[in-house]
Amino acid sequence: SAYFNATNFILLGLLGLGCLFWPRRKEDEEDDNSPAGAEQVVVVVESTPAADGKSTSDSAKDAPTEAPTEAPPKRQVIYLSNLKTFLTFIVVTFHVVCIFSSAAATGLQTYSFDPEKFLVGGEPIRSFTLPSQIFFNMNQFYFMAPFYLISAYFCPRSLDRKGFRKFVVDKLVRLGGAWLLWTMLLAPLMQLIDMAYAGQPLDWAYDRGTVWFVLWLLNFSVVYAAIAQFIPTVKMSMPHPFILLVIGVGLSGVYYGMTAALGGNLQTNGGSNSVHFGNMNGWDYGIAMYIPWFIAGIVGSRNDWLKSVEEMSTWVVWSLRFIVVGFWTIIFMVFVQALFSIPGSHLDFELVFDLLPHVYAMPMTLVVLQLFHQYFNASPQSKLMRNAGSAAYLVYVIQFWPMNLVMMTFVEILKAAGTPIIFINGHNFITTDAEGNGTYLSEGAIWGGFFFVLVLTQLILWPLSFYLRKLPVMNKVF
């Protein structure tokens with residue numbers, strides 16, 4: 001994996017250098033002189049920063065000028081920006097759940113249950129376990145797929161407008177810049193602080209964190225830009241949603257085969273190291289979900305698939321919603337069965353979770369797109385959502401810093417209240433019982449800490465990101 005990473009970074013660097021000497025188009029020079037010409041990637045939607053760092057949605061304001069002449073007429077797609085903002089909010093919430101349940105994120109974390117004993121029993125059932133794991137898996141199984149889909153949707157117009165050279169340079173600056181900021185500076189610095197706080201040996205270590213998504217979005221975008229120079233545009237209408245469900249079943253088969261080949265379900269035993277080869281957060285997800293959804297975004301952009309999603313028949317919309325609720329019920333029952341003895345219930349945890357993600361992600365993606373188009377597509381976009389959309393990319397990248405500092409504050413509150421704290425597995429912490437044995441925090445401490453960290457993190461993170469992205473250099477990346 002290290003050799004692959006080195007090769008990947010070297011090739012991206014050489015490509016960037018090559019693009020600096022790529023013949024410049026007249027349009028590039030005119031675009032560079034225009035404040036509206038500098039494009040900004042905000043996690044999944046490209047936006048256009050003005051000279052003062054403020055931005056507006058590419059899809060809302062600039063899309064008519066970006067669209068190639070052969071593209072269909074542009075419609076109002078403010079809902080994509082709102083969906084991106086919502087998903088970013090869910091990602092942050094998801095990671096707060098992780099740091100209070102199974103210590104599955106990064107930074108200071110604690111446990112509400114033992115992940116190794118979760119499925120085999122042998123420990124008391126705690127109130128945070130069931131809702132946390134249901135929320136975790138309901139989102140883990142789909143929410144990165146729409147990120148790739150919507151990101152890809154804006155790539156063809158951007159490439160048409162800018163040309164290969166400027167498109168690649170912008171991606172390297174905005175995606176590569178975010179990758180370097182986190183992995184080379186913010187993540188190692190945060191870990192250094194955490195290890196010092198926990199009394200552990202200090203180490204300046206590389207950490208991909210959540211920006212694995214940014215790196216692979218960069219890779220996918222550059223590969224697409226290169227391929228687009230040689231192959232004709234694919235023309236095809238969007239398959240019927242029920243045909244897409246069948247495709248989802250096929251992708252679930254691919255995922256099932258890969259999880260078996262790569263060491264097992266990531267949710268239960270972590271799989272093997274090959275699952276995370278090259279900084280991908282699970283190649284079983286990468287091949288069977290992220291790449292297909294990215295390709296669908298590219299093809300869908302060229303063929304206006306969003307129109308088909310927006311105009312789905314009422315009976316199709318409600319059928320998809322019922323299917324999604326059905327999958328939620330399965331997820332709920334799997335965990336209820338794992339925690340409680342239910343006569344006659346014999347759901348196989350690993351088999352269900354090896355087959356469920358992709359057949360669930362397909363209708364879930366369609367449902368959230370249609371739902372946000374129907375209810376969250378008002379124009380003009382509210383100032384709150386416009387500003388949140390502008391900040392969302394930086395929110396995604398730096399989320400663990402405010403989260404970690406608020407968690408540290410929570411630990412200090414526990415200490416001041418007389419709760420003993422001990423650190424295990426690096427900077428993960430638990431408390432001790434009357435005999436001095438390590439044990440979990442009380443139910444009240446877990447729930448109180450969760451809401452304390454969640455609320456303060458969200459309240460600090462979004463305004464902080466909105467203003468940080470206006471700083472010099474930062475306004476070139478975010």
Side-chain angles (χ1 to χ4, degrees), residues 43-45 80 83-84 87 137-156 159 175 212-228 231-262 265-267 271 274-306 308-309 312 320 323-324 327 353-370:
V43 181
V44 297
V45 178
L80 292 182
L83 175 56
K84 168 264 301 181
L87 289 173
N137 287 278
M138 283 172 55
N139 290 286
Q140 173 76 11
F141 287 168
Y142 94 96
F143 67 170
M144 297 312 296
F147 277 139
Y148 279 112
L149 178 76
I150 304 174
S151 296
Y153 185 83
F154 290 95
C155 283
L159 180 61
L175 298 175
W212 66 268
F213 162 79
V214 176
L215 174 65
W216 280 99
L217 179 57
L218 172 60
N219 287 334
F220 294 161
S221 300
V222 169
V223 169
Y224 159 69
I227 293 176
I231 65 172
T233 300
V234 176
K235 294 294 183 182
M236 64 177 293
S237 58
M238 187 182 108
H240 191 278
F242 292 159
I243 299 297
L244 292 177
L245 293 184
V246 175
I247 294 174
V249 173
L251 292 174
S252 287
V254 174
Y255 175 82
Y256 179 79
M258 291 197 66
T259 53
L262 296 176
N265 191 291
L266 296 177
Q267 308 303 321
S274 58
V275 172
H276 301 290
F277 180 83
N279 290 296
M280 173 59 75
N281 191 34
W283 272 107
D284 39 8
Y285 277 88
I287 290 177
M289 184 182 293
Y290 303 147
I291 293 176
W293 263 251
F294 184 86
I295 293 173
I298 296 293
V299 177
S301 177
R302 289 298 191 193
N303 297 278
D304 201 22
W305 284 10
L306 277 184
S308 299
V309 174
M312 287 190 298
L320 292 172
I323 290 171
V324 167
F327 285 129
F353 282 3
D354 281 346
L355 293 174
L356 188 63
H358 303 74
V359 71
Y360 162 70
M362 191 69 76
M364 188 65 184
T365 301
L366 293 172
V367 165
V368 295
L369 285 170
Q370 190 280 330

Phe213 and Met144: side chain to side chain contact (heavy atoms under 4.5 Å, CB included), yes or no, with the steps? CA-CA 8 Å; Phe213 162 79; Met144 297 312 296; 3.6 Å; yes
Go through it in stages, so that I can follow the logic: the residues are Met138 and Tyr360, the test is side chain to side chain contact (heavy atoms under 4.5 Å, CB included), and I'd like the CA-CA distance, side-chain angles, deciding distance and then a yes or no. CA-CA 9 Å; Met138 283 172 55; Tyr360 162 70; 4.2 Å; yes
For residues [X] and [Y], report the shortest heavy-atom separation together with the two atoms involved.
{"X": "Leu87", "Y": "Pro146", "result": "CD1-CB, 3.8 Å"}
{"X": "Pro292", "Y": "Ile287", "result": "CD-O, 3.2 Å"}
{"X": "Val309", "Y": "Met238", "result": "CG2-SD, 3.7 Å"}
{"X": "Gly278", "Y": "Trp216", "result": "O-NE1, 2.9 Å"}
{"X": "Leu245", "Y": "Met362", "result": "N-CG, 4.2 Å"}
{"X": "Phe327", "Y": "Pro363", "result": "CE1-CG, 4.1 Å"}

How far does [atom1] of [X] sit from [atom2] of [Y], to the nearest 0.5 angstrom?
{"X": "Ser308", "Y": "Leu369", "atom1": "OG", "atom2": "CG", "value": "12.0 Å"}
{"X": "His358", "Y": "Met364", "atom1": "NE2", "atom2": "CE", "value": "15.5 Å"}
{"X": "Ser252", "Y": "Asp354", "atom1": "OG", "atom2": "CG", "value": "10.0 Å"}
{"X": "Cys155", "Y": "Phe220", "atom1": "SG", "atom2": "CZ", "value": "11.5 Å"}
{"X": "Asn281", "Y": "Leu215", "atom1": "CG", "atom2": "CG", "value": "12.0 Å"}
{"X": "Met289", "Y": "Trp283", "atom1": "CE", "atom2": "CH2", "value": "14.5 Å"}

Could you tell me if the side chain of Leu320 sits less than 4.5 Å from the side chain of Met312, heavy atoms only? yes
Is any side-chain heavy atom of Tyr148 closer than 4.5 Å to one of Ile291? no
Carefully, step by step, assess Phe353 and Phe141 under the rule ring pair (Phe, Tyr, Trp, His ring centres under 6.0 Å). CA-CA 9 Å; Phe353 282 3; Phe141 287 168; 5.1 Å; yes
OH/Tyr256: more than 12 non-hydrogen atoms of other groups inside 6.0 Å: no
Using atom types as modelled and distance alone, determine if a side-chain donor or acceptor of Asn303 lies under 3.5 Å from a backbone N or O of Met236. yes
Strictly under 6.0 Å, is that where the ring centroids of Phe147 and Tyr290 end up? no
Would you check, one step at a time, whether the test side chain to side chain contact (heavy atoms under 4.5 Å, CB included) holds for Asn137 with Leu356? CA-CA 10 Å; Asn137 287 278; Leu356 188 63; over 6 Å; no
Can you name the residues that form a side chain to side chain donor-acceptor pair (under 3.5 Å) with Trp293, not counting sequence neighbours? Thr365
